Amino acid sequence: MIILGLESSCDETGVAIYDTSKGLLSDLLHSQIKMHQEYGGVVPELASRDHIRRLVPLIRQCLEQADCTLSDLDLIAYTQGPGLGGALLTASSLASGLAFALNKPLCPIHHLEGHLLSPMLGGEQPAFPYVALLVSGGHTQILKAEGVGRYELLGETVDDAAGEAFDKTASLLGLAYPGGPALAELAKLGNPQAFAFPRPMIRSEDLNMSFSGLKTAVALQCQKLGANGSGLTAKARADLAASFQAAVVEVLTSKSLQAMKRAHCSTLIVAGGVGANTLLRESLEKGVSTVNGRVLFPPLKLCTDNGAMIAFAAAQKIQSAGATLHSSADGFSIRPRWPLSQL
Ligand code: KG4
Ligand code: ZN
């Protein structure tokens with residue numbers, strides 16, 4: 001079965017073609033980061049307009065790379081939610097139009113389920129159940145995956161997502177949006193023990209987390225140092241970045257290990273953009289090895305939003321008989337707010 005996957009929930013236009021017998025045939029991405037950078041964050045209307053411009057050319061290019069034609073496609077999968085309403089409408093309406101023209105079924109996919117299953121695209125297929133740490137710009141959740149489509153929320157951030165905290169702190173340090181990767185680079189030059197930032201909720205009984213106070217702690221430290229982000233010395237900026245990153249990574253590692261223990265799982269899967277963070281990867285590798293567990297990460301390219309995870313999630317759902325297929329005659333809907341527990 002050949003599946004076209006379309007992703008447009010935020011600021012990345014992702015298109016991919018996945019063959020259930022041959023694997024990923026093509027996977028293309030257009031990132032809007034440069035466009036949003038001058039505003040310091042994603043501008044929803046600009047995001048939607050850009051998805052409209054990019055989707056059709058990317059689909060053409062993807063078909064060419066996969067050596068396929070539209071008539072070879074068996075299924076059109078698209079991100080139904082959660083995400084920005086206008087942005088979601090672009091891929092979902094295009095998917096519906098294509099399905100109508102080709103007389104092929106549609107498969108709506110939950111964006112976070114795409115992230116959750118993406119580590120399996122790397123080759124190794126972990127057995128259920130496993131614990132998943134989902135860390136992106138919009139979400140920070142720890143879930144127990146019992147099977148495809150069966151996810152139990154164990155804990156989540158009560159305020160900012162980890163990626164959001166990275167981005168906001170990076171902005172305090174004068175780094176351009178989205179500052180997560182740049183902050184991680186800067187942190188390599190700093191001392192993670194220079195500032196004793198709090199480890200919010202690390203000792204709470206539950207598996208919830210909080211990151212907004214951490215960003216405030218960095219802001220207060222900047223004030224103490226007597227400068228705004230761009231006026232700090234290079235050493236102070238690097239030390240702030242390293243100390244902030246160490247705090248986030250310690251909390252994420254501690255909560256993930258506790259979740260593995262409580263859920264009686266020896267496998268941890270990490271998904272979402274912050275999963276690209278090297279220190280987080282190292283810390284989780286080290287942590288799980290102390291409990292005789294293992295941790296799997298998606299290939300770096302698949303950590304952030306992409307179309308491959310959407311096509312792949314549709315394939316997994318079909319193979320586990322858990323897919324809801326629609327005809328274009330049913331119309332289409334988007335779900336900008338869609339808790340994973342409501343799958
Ligand atoms: O999953 P994703 O591409 O988009 C969402 O669905 O949110 O995640 C993007 C987030 C951004 O906040 C970005 O700063 C963060 O992931 N990120 C990182 C790194 N690479 C991406 N944060 C820390 N370290 C990184 N290396
Ligand atoms: Zn995402």
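For ligands, and for the atoms within them, numbers begin at 1 and follow the listed sequence. Since this is a predicted model, take the numbers as computed values, not measurements.
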If you measure every N or O of [X] against every N or O of ligand 1, does any of those distances drop under 3.5 Å?
X: Asp305; answer: yes
X: Thr278; answer: no
X: Pro181; answer: no
X: Gly163; answer: yes
X: Gly179; answer: no

Practice problem: Please determine if Lys104 and Asp74 form a salt bridge, counting it only when a charged side-chain N lies under 4.0 Å from a carboxylate O. | Solution: no

Whether the [X] and [Y] side chains hold a donor-acceptor pair (N or O, under 3.5 Å, no angle test) is what I'd like checked.
X: Thr90; Y: Ser8; value: yes
X: His111; Y: Thr79; value: no
X: Lys261; Y: Ser266; value: no

Quiz item: Which residue holds the protein heavy atom closest to atom 15 (C) of ligand 1, what is that atom called, and what is the gap in Å?
Solution: Val274 CG2, 4.0 Å

Practice problem: Give the residue, atom name and distance (to 0.1 Å) of the protein heavy atom nearest atom 10 (C) of ligand 1. | Solution: Gly137 N, 3.5 Å

Quiz item: What residues, two or more places apart in sequence or in another chain, satisfy ring pair (Phe, Tyr, Trp, His ring centres under 6.0 Å) together with Phe100?
Solution: none

Self-check item: From Val248, Leu183, Asp167 - option closest to atom 11 (C) of ligand 1 by heavy atom
Solution: Asp167

Exercise. Give the numbers and elements of all ligand 1 atoms closer than 4.0 Å to a heavy atom of Ser136.
Key: 1 (O), 5 (C), 6 (O), 7 (O), 8 (O)

Self-check item: Contact list for residues 293-311, test salt bridge (charged side-chain N to carboxylate O under 4.0 Å, His left out), sequence neighbours left out
Solution: Asp27-Lys301, Glu124-Arg294

Quiz item: Where's the contact between His139 and ligand 1, heavy-atom distance under 4.0 Å: side chain, backbone, both or neither?
Solution: neither

Practice problem: If you link ILVMFWY side chains whenever their heavy atoms are less than 4.5 Å apart, which other residues fall into the same cluster as Leu29? By chain and number, please. | Solution: none

Exercise. State the count of protein N/O/S atoms located less than 2.8 Å away from the Zn ion (ligand 2).
Key: 3

